[in-house]
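Have a look at the structure below before the remarks.
Note that these values count all heavy atoms, side chains included, but never hydrogens, waters or copies made by symmetry. In listed order, ligands and their atoms are each counted from 1.
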Amino acid sequence: MGVAPPATITTIVLFLFFCTAVAKLETYSHSYPSFNKSLKEKANSELVFENNATIEKDALQVTPDTGNTAVFGLQNQSGRIMFRKRFKLWDGGDGDINSTVASFTTYFLVNMYPVNNGTTGEGLAFLIAPTLQIPSNSYGQYLGLTNATLDGQSSNGILAVELDTVKQSFDIDNNHIGLNIHSIRSVDSKSLTPKNITLAPGTTPAFHNIWIHYDGVEKILRVYIKDKPEVTSPTPPMPETPIIEYNLDLRRTVNRYSYFGFAASTGDLIELNCVLQWNLTVNYFPGPKSPWMKILLGVGIPVVVAVVALAALLGRYLYKKRLVDRSQSNILSRLRTLPGMPKEFRFRELKKATNNFDEKRKLGQGGYGVVYRGVLPEDNVEVAVKWFSRESLKGEDDFLAELTIINRLRHKHLVRLLGKFFFNSNLPSIVS
Ligand SMILES: *[C@@H]1O[C@H](CO)[C@@H](O)[C@H](O)[C@H]1NC(C)=O
Ligand SMILES: *[C@@H]1O[C@H](CO)[C@@H](O)[C@H](O)[C@H]1NC(C)=O
Ligand SMILES: *[C@@H]1O[C@H](CO)[C@@H](O)[C@H](O)[C@H]1NC(C)=O
Ligand SMILES: *[C@@H]1O[C@H](CO)[C@@H](O)[C@H](O)[C@H]1NC(C)=O
Ligand SMILES: *[C@@H]1O[C@H](CO)[C@@H](O)[C@H](O)[C@H]1NC(C)=O
Ligand SMILES: *[C@@H]1O[C@H](CO)[C@@H](O)[C@H](O)[C@H]1NC(C)=O
Ligand SMILES: *[C@@H]1O[C@H](CO)[C@@H](O)[C@H](O)[C@H]1NC(C)=O
Ligand SMILES: *[C@@H]1O[C@H](CO)[C@@H](O)[C@H](O)[C@H]1NC(C)=O
């Protein structure tokens, strides 16, 4: 075989190395083992308090505590205590229904204490909301979540798990846990009475451990509850069976950017709505725009893509020997002189990395070819493999010029040159 004539270059593969990784979710964890004196100040600065909510008596008092009665009446109160950090919960377009959304898990210990001889009102909720502000007149049945005008509007963008101690006409009873979307009318609710759990028992304080898990891959929300006898008792293990299990796509429910926290209210009937411990972990998307989107956009415009690699296929002979005869191969020798091309890959490495160019690994199709997502088995590095088709290139020189430009580009948001490789266009497995 002589000098590779352009006609033999049927296919070329480019590699994009994701130096910042593929839209990796980041994990944020925060834990409040207590809201006692020594931790109160820090918590005060990390949380946002709406209305008369405070930290008192080693607890988040989402509505005022009896210790505040001199200042506040206990009736018709509503409040929120939200974590100041806002989280981005999904990336990309809302239409891509199968893409991953954020996951979160939270644990909290609550004490809802009736101060009025056993009558209770109204309830406490874990809340995901688009803003830190509480609506006005959200006391009574509205639990600090909505009010008479806002209730039921999907623009509320709220998701809440309520611990409700007053039976409204639409409630199952006065001792239930419910899942609320945009409204105080729960989409799912379970009475706690059959489980021997009383949210706000008459005379003795009760301590309820609540766990809420949202899985952004399965898109299922699960809520668990288990009591413990004393505040100092060890935290029991989370029950195996959730009390609420609900299929829910966060993208259809809350805002892309949301806050986490608590809301509560009292009405004519009152109780204390206290949170004594709180753990929150969110697997969220780093904002404002993930590197992944930039890369996807980038690969459509090859000049913008800092790349790698490639090669042309010069024949079964070369492939078998895995040798390149520079004197015979004009294009290969020129490729090798491109600076910053440290590594050559074999076709079968690429094939393995992309699971034989699996359709499911397809990331996109630009003007210059198809891009696949891959993982190099050796070092577990994520790569994008671009299958460059001959038809889109006018000639060998054009291609080399393109690569030289791409290869010189360096930008923190762009993929980096990883390597190049050569393969044989005559291989039957190469179809494009
Ligand atoms: C506050 O709570 C933390 C964590 O439970 C504990 O380590 C610390 O000793 C407590 N401090 C006071 C002053 O109670
Ligand atoms: C705080 O409590 C007082 C006394 O009950 C009440 O008048 C006031 O409206 C409350 N503040 C807010 C912002 O709800
Ligand atoms: C609480 O609100 C209800 C209904 O809005 C009202 O009838 C009642 O008088 C209020 N109670 C107090 C103490 O403000
Ligand atoms: C999403 O996944 C479902 C089930 O796996 C599949 O039937 C559907 O075609 C997918 N939709 C899109 C837009 O990828
Ligand atoms: C609770 O009941 C007792 C006796 O029935 C009464 O003396 C007391 O005032 C009541 N407390 C409240 C807050 O209503
Ligand atoms: C509900 O809250 C919104 C926002 O705070 C407010 O504009 C509206 O007037 C409130 N509605 C009622 C009935 O209070
Ligand atoms: C609830 O408590 C009663 C009486 O203490 C007991 O008989 C019953 O088995 C308990 N039920 C559950 C589900 O624990
Ligand atoms: C809460 O977080 C702390 C710190 O990560 C951890 O030690 C504790 O076990 C967590 N509690 C629960 C109930 O998950």
Side-chain angles (χ1 to χ4, degrees), residues 27-36 39 42-43 46 48-54 56 60-83 103-110 115-116 121-122 126-127 129-158 182-184 207-214 222-228 231-240 242 260 263-273 275-283:
T27 300
Y28 186 89
S29 269
H30 206 84
S31 116
Y32 293 105
S34 154
F35 294 97
N36 68 19
L39 304 170
K42 189 163 176 289
E46 290 163 343
V48 175
F49 300 80
E50 287 282 291
N51 290 356
N52 292 323
T54 53
E56 287 294 333
L60 301 180
Q61 309 286 349
V62 191
T63 52
D65 177 70
T66 41
N68 311 121
T69 39
V71 191
F72 305 124
L74 296 179
Q75 286 177 309
N76 289 358
Q77 293 278 354
S78 67
R80 280 189 187 179
I81 300 180
M82 305 296 288
F83 197 66
S103 296
F104 64 86
T105 180
T106 189
Y107 158 79
F108 52 95
L109 176 64
V110 299
V115 282
N116 244 350
E122 293 266 344
F126 176 76
L127 168 67
T131 62
L132 295 165
Q133 285 74 45
I134 188 168
S136 48
N137 296 317
S138 55
Y139 62 84
Q141 62 175 330
Y142 296 108
L143 298 179
L145 300 174
T146 62
N147 64 26
T149 35
L150 295 175
D151 198 66
Q153 293 184 18
S154 60
S155 57
N156 290 340
I158 60 165
H182 312 316
S183 170
I184 51 165
F207 300 96
H208 315 292
N209 301 280
I210 318 282
W211 294 260
I212 302 171
H213 289 309
Y214 179 71
R222 295 184 175 91
V223 182
Y224 307 81
I225 182 168
K226 190 155 181 69
D227 277 2
K228 67 176 180 180
V231 66
T232 49
S233 313
T235 304
M238 192 183 83
E240 284 183 6
F260 292 75
S265 70
T266 62
D268 279 331
L269 302 174
I270 60 171
E271 69 194 13
L272 308 184
N273 294 299
V275 177
L276 305 169
Q277 291 178 15
W278 184 23
N279 282 10
L280 176 69
T281 299
V282 186
N283 284 315

Separation of Leu74 CG from Thr266 OG1 (nearest 0.5 Å): 7.0 Å
Candidate with minimal heavy-atom separation from atom 5 (O) of ligand 2, of Gln75, Gln77, Glu50: Gln77
Location of contacts on Asn52 toward ligand 2, heavy atoms closer than 4.0 Å: side chain
Side-chain touch Ser265/Leu143, heavy atoms, less than 4.5 angstrom: yes
Contacting atoms of ligand 8, where contact means under 4.0 angstrom from a heavy atom of Ser31: 2 (O), 3 (C), 4 (C)
Any protein heavy atom nearer than 4.0 Å to atom 7 (O) of ligand 6: no
Near-ring test Trp211/Tyr107, centroid separation under 6.0 angstrom: yes
Enumerated ligand 2 atoms positioned under 4.0 Å from heavy atoms of Gly73: 4 (C), 5 (O)
Close side-chain approach of Lys228 to Thr235, heavy-atom, < 4.5 Å: yes
Under-4.0 Å heavy-atom contact between protein and atom 14 (O) of ligand 8: yes
Ligand-residue contact atoms, ligand 8 with Tyr107, heavy atoms, under 4.0 Å: 12 (C), 13 (C)
Contact atoms of ligand 6, heavy-atom distance to Asn137 under 4.0 Å: 14 (O)
Selected option - heavy-atom contact closest to atom 11 (N) of ligand 6, from Ile134, Thr149, Thr146, Thr131: Thr149
Nitrogen or oxygen of Asn279 less than 3.5 angstrom from that of ligand 8: yes
Ring geometry between Phe83 and Tyr28 (parallel below 30°, tilted from 30 to 60°, perpendicular above 60°): tilted
Atom 9 (O) of ligand 6 - nearest protein heavy atom and its distance: Ser136 OG, 4.2 Å
Asn52 (side chain) donor-acceptor with Pro64 (main chain) under 3.5 angstrom: no
Heavy-atom nearest neighbour in the protein, as seen from atom 2 (O) of ligand 6, with distance rounded to 0.1 Å: Asn147 ND2, 2.3 Å
Interatomic distance, Tyr142 atom OH to Asp151 atom CG [nearest 0.5 angstrom]: 6.0 Å
Single hit among Tyr224, Phe260, Phe207, Phe126 for ring-ring contact (aromatic ring centres under 6.0 Å, His included) with Phe108: Phe126
